[in-house]
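Presented below is the structure to which this report refers.
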Amino acid sequence: MNAAQLLNGVALGSLLMVLSSGLAMIYGLRGVANFAHGALYMAGAYIAYSVSDRAGFWLALLVVPLALAVLGVVLELAFFRPLQHRSHIELGLITFGLALMAERLVVLIWGESTLRVNPPEFLQGTTSFVGIEYPSYRLAIIVIAVLLAAALIVWLRSTSIGLHIRAASQDIETAAIMGINVDRVSLVVVAVGAALAGLAGALAAPYIALDPGMGNAFLITVLIVVVVGGIGSIAGAMIAGMGLGIIQTVTTVWSPSLAVVVPYAALTIVLLWRPTGLAGKRVS
Amino acid sequence: MTTTAPTDDVTETMVAVPPAGPGRWKGTLVGLGIALAVLLAGLAVPYVVTDTYRMSLVVDATILSLLAIGIGFLARHLGIISLGHGAFFGAAAYGVGIATTNWGWSPTTAVGFGILVGTGIALVMGLLVVRASGFGFLMLTLALSQALYALSVQTSARPLTGAHDGKLLSYDRDQTFLGLGQADVMNPGLFWPMAWVALTVCATLLWVVGRSRFGTTLEGIRENEERMRFSGYGTFGPRLVAFVLSGAVASVGGALFAINAGYVSPDILGFSKAGDSLIAALIGGFGLLVGPIVGTFLFVYAQANFNFGGNLHLFTGMTLILVLVFMPGGITGTFQKLYHRMRKGRR
Amino acid sequence: MKRRLLAAASAVTLATTMAACGAASDSSGGDSEDGPIKIALIPPTSGALAQFGTDAVKGWETAVRLINAEGGIDGRKIELIKKSSDADPATTLRVAKEAVTQDGAQFIGAVMTSPEHGALNAQLEGLGAMSFNAMGKDDALVGEQCSPYAVHVVQTTSMDVNALAASLTELPGEKWAIQAVDYATGHSAAETFKAAAEKAGKQVVLEQFAPLNTTDFGSYITKLKGSGADAVFAVEFGADGVAFVQQAEQFNLDAQLKTVLGLNMVSEPLFETLGDSIEGYYNNVGYDAAGDNELNKEFVEAYTEDHGSAPYYVPADNYTAAQILFAAIEKAGSSDPAEVSEAIKDLTVDTVVGEVTVRGADGQVLRDSYLGEVVKGEDGLAFDILTNTDAGVTTPEPDSACKF
Amino acid sequence: MTIFEGRGLTVRYGAHVALEGVDIALEPGVVHGVIGPNGAGKSTFIDALSGRKRPSAGTVTFEGADITRRSVRWRRGKGLSRSFQRTSVFGSMTVGDQLEMVARRNDEQDLDEIVSTLGLDAIRHQVCSEIAYGTQRSVDLAIALIGRPKVVLLDEPCAGLVHDESVRMLQHVRDVCKDRDVAALLVEHDVEGVFRTCDVITVLDLGKVLASGAPDEVRADENVIRAYLGSAA
């Protein structure tokens, strides 16, 4: 049974990984903790609900990231770019306002009641995996998340836009001086970050129930993951996300009420021990 | 050479005008005089606002203003934004609840105890967080206050906090809060002097501190923490003192809130309470001491009048964005700028 | 979707207009003895509980329509003042104060959660208004948080659990696991259930509590599977309940269970969301929609006519609250809350849920409780009432902490 | 008579060695210049000496006592001061307020003298962020000089200044150093300025001392000419 509990942790960690890698990309480049990330995730889940209702879950997995990427473009063009000279905190608070609005808009469109999305037919029920009967859909989430993480890393490491993103995340001013088109890089990053949030929402839809509080529930955890992972480090966020998912699940098995405090304790300990996060660049 | 790269410092655009320097005793005396006049004039409010319901809104806003000026003080003088002040407000409120209901203390003593509890929590949290700045500070205050929230709703905390169900304050009928019995404290007209005196005294205190040498030290730390250290100043101590002071002011608010409402529930410890108060303070503006108060009154007014169908957050979100984008100094900051422009124009 | 958007948009416009009007027309407190009798409804209109809030209002609306059609009470019409809250105690309290002092309401209904009621009860006497609680189920509301001005129309959690406990022998399954929310209700329900199970000769093999707002029940379900339980008693509400049911299905937990017994977990508004997987689940039922009495038939007909759908427990309980209130006003011969609160003591009223009595000591309404099984009928899922437990069995003695 | 000394100072960033075994000794009333090409380790050097960056190896002594692990605040209290390469003033405060604030902390009896020496009288009541960049650099210098420090470490005080301003700035530094008998360390990019102003010069290259001595000796040093001055001198 312990292997099954470990899988539970990995499944939750996978979700956190996808969600926080998007947030970490935006945070790294724009220096802004995007408080609207939870709202983007929620929007992804609700759009997935509407799409899979009509055209099936697989199409939702395709449509949702695209729709959210468009939202990301809007976010970048309407707020991040014109206000890039403002302090990071101000921009963060603007996304806070956006999150408040987005949450309410989701309710106005989809209503208040709890909704659920069924996984595709062949992923319903359980699969035998290393001797355990484990839900097929959770295994699918793990596989998708790992593939996605690998793809993201390959993209960042071996393409020229990936190189530019990494350079700009290190030092946006120097990158601009070196002739990197920071505006373009930033547009791509925010769009991809939002798309990842949406994808996480779509993946989460059949996993957990949809309700208007779902964004908030994850937002704080994911912000914590990104800060713990280290500002600007996508790999750090992924590792921290997976780690937190596993630790939290293991703690839940042991003491559910203590597990609630785990993310906060983790953040406090890590920031006191290493103020820049586990893999953070030096901020001088 | 001077780079205009964005920083984690909020002061550049959001805190419009520097506060006055130290040693201007004349100005301070005039200010104290004005504060006293405002305090006395304010006591007449219940005779103007005779309607009980409106009066209760005014009292609510006054109590919440204490939370907002606590947050505003840190933002103005240290340029750091706290999402954790709900913890001090809430801890003080629970302190009052526990002292009266569980231990049978008199409400007056309990309020003192509540303020001590809130301030104590601020001290502990301050020791952990004041080294951080920018987002680090924001996240740490958020995380620690959430942790406190999570602890307060634990089943094991139930005898003290009532967990999710909250806590109903009860004390003997012959016990009073500064002469007000249990039915009287819920009467906004009778409770008003307590709330009003608390707010004016705390606000004046913060104002005087801001003008003092200590205030200048804080400003120096806000502007350039490293240079302060290289100029021989310790920066941890002053930051901690400022943090605890602002937490104490929020605690005063929390303790009064508990007495006035007669009920404490975990949502006052939570993130949305501190978030609402921060938004109110931002909309009012950090640059002036009265900014957060103006913001809080507007927020309470909006809450009472525009909360139909739960759309309040739609409106507050929109307002927050509009204010941050178009009037970064908040309402009072914008008026201040207009005023200065007019004066310059006349010259 | 487009239509929904439009509806939403017009709702916003309407709300804003209403707000403007509300601000403009500042009607002051009411004259209590000749004008209409005013009841303020303060349901949550946002948040996860909004659906219940809306349906509670519908119950009151039907009740008021019917009584006004008969000419009101002693010739006085009933007027509903509809307010809205967000299930936050502070907001509800503020709105209640507004309704009483500004709009002249003497009675308050459709308040949803127990914390809201707790906060409200503390202030009722000072406000001079009576509250009719048809939704908050916390035992403390008729215990330390009770008020002579508050009537507790629904069964408390203890009554619900007692009803289930009384029916436990009828349910298959020997080894029970308890999955409950880590919250007062969850713990007291688990405790009562455990005692009843032992009495019935059943074994409790696992007892676990998940914090409120748990989204991932994976580790709990894994433990349930490992415990060897063949029946589960589940106390998970709202989104938590949906997540638990959905994830239990994914883990194929049902395969090893003979019984899933819910406490307030599955109810009519969730049937569509939860889907066929809950067929065969058991749950406590507060109101029998097929109840065989004249008043109920009349209510179901009128409600369906008014709102286009059949009632379930939320509208029915609120309708019952209205019936009790109307009877008490009639008996008191006045709409003064002080007099009505006197008149309502030990008052027996014939209602849609049968004959009920308002207990004088704590304001608890004594009424039957049911155990239902989810079955697939012609119009989708519905509760089939299996057992009916009398109030005498389910209702504990008045709590000594409640002093009027 | 050495008052301030760095011995064997080494700073490593991971595998990269930014500074390796550098020695330096400062004397009162002597302006000691440090020059070197970009990446020579000049800023790291001043950071290591001033306590901003703790050296991986080596010691810093002041009046004979080891102060390597002392905080910057403690050092300032004992009379060890520094300025910064990027202007480091208190932007929103008036010039007067910030100088008074620092003066209060460091027991400066004669603030007016510093203000007038650096020509800041006229702008005393202006908000610092609104005055000209060159003047801000003077304020920066003034902050470092308040309280009669015994040792002043100046990190490129002329960075970003036009030639005239630069000349005046270095003259100020030299005057103050001589008048007040301060031991000054002057890290500077402007090589000619350093040769004109300083009594002793140390040349850094790739984290090591290339040469050290009187200006004429350094100017004549073959290593220096080859590695650094080659084209410039």
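Below, chains carry the letters A, B, ... as their sequence lines are ordered, and counting in each starts from 1. Remember, it's a predicted structure, so these values are computed and weren't measured experimentally.
Judged purely by atom type and a 3.5 angstrom limit, Q154(B) uses its side chain to pair as donor or acceptor with the backbone of S257(A). A distance-only check finds a donor-acceptor pair linking the side chain of R86(A) to the backbone of L324(B) [under 3.5 Å].
When side chains are defined from C-beta on, L108(A) counts as touching N311(B), because their heavy atoms get closer than 4.5 Å.
Just one of L282(B), V323(B), I279(B) meets the side-chain contact (heavy atoms from CB on, under 4.5 Å) condition when paired with L93(A); it is L282(B). For the pairing with L100(A), the side-chain contact (heavy atoms from CB on, under 4.5 Å) check across L314(B), T316(B), L312(B) returns one residue only, T316(B).
Among the residues in residues 74-83 of chain A, those with a non-hydrogen atom closer than 4.5 angstrom to a non-hydrogen atom of chain B are F79(A), L83(A).
Both the backbone and the side chain of L128(B) come within contact range of chain A, judged by heavy atoms closer than 4.5 Å. Interface remark: A147(B) contributes backbone and side-chain atoms alike to the contact with chain A (heavy atom separation under 4.5 Å).
Residue F135(B) comes nearest to V32(A) through the heavy atom pair CE1-CA, 4.2 Å, listed as atom of the first residue, atom of the second, then distance. Nearest heavy-atom pair across P328(B) and E90(A) is CB-OE2, 3.8 Å.
Note: I321(B) leads V325(B), I321(B), L320(B) in heavy-atom pairs under 4.5 Å with chain A. Listed options L223(A), L258(A), V227(A) were ranked by heavy-atom pairs under 4.5 angstrom with chain B; first place goes to L223(A).
Rounded to the nearest 0.5 Å, atoms OH (Y264(A)) and CG (L151(B)) are 10.0 Å apart. To the nearest 0.5 angstrom, T268(A) atom OG1 is 10.0 Å from M139(B) atom CE. One finds the CG atom of L144(B) at 7.5 Å from the CG atom of L267(A) (value rounded to the nearest 0.5 Å).
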